[in-house]
Every structure is written in structure tokens, then in C-alpha cells.
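Written out below as C-alpha cells is the structure these notes cover.
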Amino acid sequence: MSTPPTGPSTSAALDGQLVNTTLLPPNIENAGANSPLNALFGDNPYFQAGLGLMGFGVGLTVLRQGSILGLTALRRRMLVSLEINNKDRSYAWFLAWMAHQASASSKGLKTTPWVRSHQLSVETAFEQRSNGSSSVLFNLVAGPGTHWFKYRGAWMQMKRERETRSTQLMSGVPWETVTLTTLSRDRNLFPGLLSEARDLAMQGQEGKLVIHSAWGIEWRPFGQPRRKRPLSSVVLAEEVSQKIKQDVQAFLKRRQWYADRGIPYRRGYLLHGPPGSGKTSFIQALAGSLSYDICLLNLSERGLTDDKLNHLLSNAPERSFVLIEDIDAVFNKRVQTSEDGYQSSVTFSGFLNALDGVASGEERIIFMTTNHIEKLDPALIRPGRVDLIELVDDATPTQARTLFEQFYGGDDHFSDVTQEQLRNIAESVQQLVEKEMKEGRRISMAALQGLFIRNGPTDVVAACQQLLVSRQE
Ligand SMILES: Nc1ncnc2c1ncn2[C@@H]1O[C@H](COP(=O)(O)OP(=O)(O)OP(=O)(O)O)[C@@H](O)[C@H]1O
């Protein structure tokens, strides 16, 4: 048995460097050449080919990793991305903008950016026509996947991704993102593009009333924006409409006044009166006239809790009225029950707390309506929670006459009736309502509206008489 050859170690300074060398006896190479391993593989062509292939593979991997790193670095330098999350308002604006451009470019309009998507999703919406009827709209928007479009001469990649494993806690809607990627030099196009999308969305809402409804803890537009109703078309007793309108206008001018005194900047209104007197119509028309939106809050909604309600009331969209209808039906004797017997988790005290809210500088205007003010708990309508209470009653003689004139005045459809005759009929309607009122019989504005829709002007007085009688029964 031979001992492995070992040589003494020396250290030598070469050109100022310390070099470690091991001195081996001269026969050591031969010893390796004669080893059993060398005998096995040294002359083996398969082994050598394998070694070569392995080297090639390693080389390729290094090259691949290198090119990936290089590409990533290049992308970082050359490309810029913008991520839009579906929690952000611009998300829906951007998708609508893209759908709009796609339809315009498919019609061959040269001025629009080139957009074409092959993976589409549908968003169904309801549109209210000017004549009051509604239609269903199917908006085809870019679906999850990758899309390309050209905007102001720059190519952009749009990637819409949907998170399928988790959803937004409160609304149950999946998380989504849209990532726009373009060349770095075109990064300045992003703000322009987003502004265009916003303007397009605003254009669609111009002259329209947006109704929001609660969706979990968020407010979301409900259906398509509706045509604004002129305030004058809702005929209330003159002093009532003026009082509410002036109060809201005065409140809106006093933000600083509230701030200086540390008073929460909010105001509550309660409109009460019989059904069909125009409470809801007036609130909506008033919102429209001030370019405000409506946030419709249904306290009986399943899943609504005190916490969610508090969050909703503190986070209503800017420039909006929160509208809570038929408040007596919701909190009758402090118990909350819906028509089908469902009791929601909103408690009376939770509702009062949400109305009081935390003192904040944010503006909040709440309108509540009821047909039975006597059923309301005094705690609910104390000042601070409700600042102005107004009775919106059945038709007064003047209201009946004004509504008649609005329906039949200047309408060519009734050209067989002279203006003189119309004036006489208007007078008769007024007198009839006046006479009946004295005897305790009333007619609602909604009933009058229905009557005017169904009858020609000459039949109105007789029809009105019947309605008043039948109401008495
Ligand atoms: N004062 C009014 N002027 C014009 N139209 C009215 C008036 N009151 C009611 N109407 C018409 O009657 C219909 C019902 O009105 P609205 O829903 O506003 O009444 P409401 O007082 O809110 O009723 P409810 O108490 O049942 O909620 C609407 O189509 C509206 O156009």
C-alpha cells in the first residue's frame, strides 16, 4: 500500500503578491493518468460527449438567464407601466373610454385612437329614455386578457387581470387591475388619456342625475345617469319649495361658518306628507338643479350593519344628497322590520350614531321622507339630526291648476281646444279642488298627474270629480 504523495508547501512573494504553491513530485501526473478512473472514462467517447453536452446545457442556461435579466433591465429602462385598480373611479372610466374608442374605430373614424379587442366582457346597464321608458344596454368592454391599442401615435399594451382567489370583502366583487404599458418616452400620454376617459364619463352625465346605491360599504352608480327633471315640473306649495331650496342653498354657502365654530358641516331634512305628493320627485329635482347626485340608502337592506351604515354615511360621494325613504317603515317603535318580516342588523341607536357621525369638515346632506311623521321617535328628528321638517301635502287648488297648465298648456296635440277654453278648464279644476278641500276631500298630485295623462283637457273636470269622490269612499 503506497502513501499518497505529498510535497512541502512554500510561500513566495512574486511582484509584491503572496502566492501559495504546492510542490508536487514530478511523477504525480503520471500517477493521475494511470488512475483507475482515467482508465474507465479517459478514453470513453460517450463520457466525453456527455461532458460536452453538459457544458453546452450550462452555457445555454447562463445565456437564457442573462438574456432574461438583460430584457428585464431593458424593459425597466425603456417601458413604463400604469396600474389602475378597480377600487379607483378611473377604472370604470378607462374601460368605458376603451369601449367607446373601439366602437368608434370599428366605424372607421380616423380621428379616434385605434383600438380593437378580441376578448370582450359585457356590462349590462339600464337607460332611461326621455319619454320615461327604459331600455337595456349591453356595453362591450375589453375583457380579462391582453389588448393593444394606439393612442396619439404610441402603442400601448393593456392587460386586464382578475384576481380569482380573493374578492373584495364587503362587496364580493373580484379584485381587478388594468396595467397599461408603453415606451418610457410616451409616459406623458397617461394623464392625457385618463383625462379623456374622465371627460367622456362626465359628458355622459352632463345634464343627468346620477343615483348611487350602497354596495357593501361602497357607493356605486345605480343604472345609467337619468335625465334631470326640471325643478319647476314638481309643483309644491310655493312657500314649501322655496323654503327647502333656500335652506339648502344657504347651507352650501356656509361651509366656513361651520368650520369656524367647529360644528359638523351637515344638515338633515325631513319631508313628510301623504303618498304621491312629490317628496321624492322634489328631492331628485332639487339635486339635479344643484348638480348634485343622489345616494339612495335602504336601511332594510340585507347585510347592512351599524358599522357599514356609519361608513356609508361618512363616505358618501362628493356633491350628493343621501336619501332615506319611508323612514317610519324602517324604524317603527325602534324595531327595524322590512315588509317581508326581515329584520336587518341596523339598530335604532346605530342609526342615530351614524346620523351624528364623527365631527368632520366633510359636507353631508341627508333627506328623509315619511308618510307618518307621528310614528317617528322624537330622538330621530331632534335638531342636529333633522334641521328642517316640511309638510309636502296633497294638491292645493293652485298646485292643481299649475299642474294642469303644465300638462296642457302650449301642446299642439290639443289644438282643437282654444287657449280661452284651456284657461276656463284650469279655472274649473282650481275651483273644484278648492271646494272639495273645504269639505275635507283631497286629491294627491300623483293622482292628478295620472288623470291628466289619461284624459284630454275637456274630460279633466269630470274625471277629477270622480277621483275626489272615490277617494272619499
Ligand atoms: N307635486 C308634484 N308635482 C308634480 N308631479 C308630482 C307631484 N307629486 C307627485 N307627482 C308625481 O307623482 C309621482 C309620485 O311622486 P313621488 O314619488 O315624488 O311622491 P312621494 O310623495 O315621494 O310619494 P311616497 O310618499 O309614496 O314616496 C311621480 O311620477 C311624480 O311625477
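As a basis for the values below, the full set of heavy atoms in this structure was taken, side chains included, without hydrogen atoms, waters or symmetry mates. Counting starts at 1 for both ligands and their atoms, following the listed order.
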- W148 vs M158, side-chain contact (heavy atoms from CB on, under 4.5 Å): CA-CA, chis, key distance, verdict: CA-CA 6 Å; W148 292 89; M158 182 274 215; over 6 Å; no
- Would you check if the distance from the ring center of Y151 to the ring center of W97 is below 6.0 Å? yes
- Under the side-chain contact (heavy atoms from CB on, under 4.5 Å) rule, what do I327 and T369 come out as? Steps first, then yes or no, please. CA-CA 6 Å; I327 193 83; T369 69; over 6 Å; no
- Near ligand 1, at a heavy-atom separation below 4.0 Å: residues by chain and residue number: R229, S233, V234, V235, L236, P275, G276, S277, G278, K279, T280, S281, N371, L403, M445, A446, Q449
- Query: Hey, is NZ on K228 packed in by over 12 heavy atoms from elsewhere, all under 6.0 Å?
  - Reply: yes
- Task: Would you sort out whether H212 and F222 count as a side-chain contact (heavy atoms from CB on, under 4.5 Å), showing the intermediate values?
- Result: CA-CA 5 Å; H212 302 264; F222 175 71; over 6 Å; no
- Query: Does a salt bridge link K243 with E390, judged by any charged N lying under 4.0 Å from a carboxylate O?
  - Reply: yes
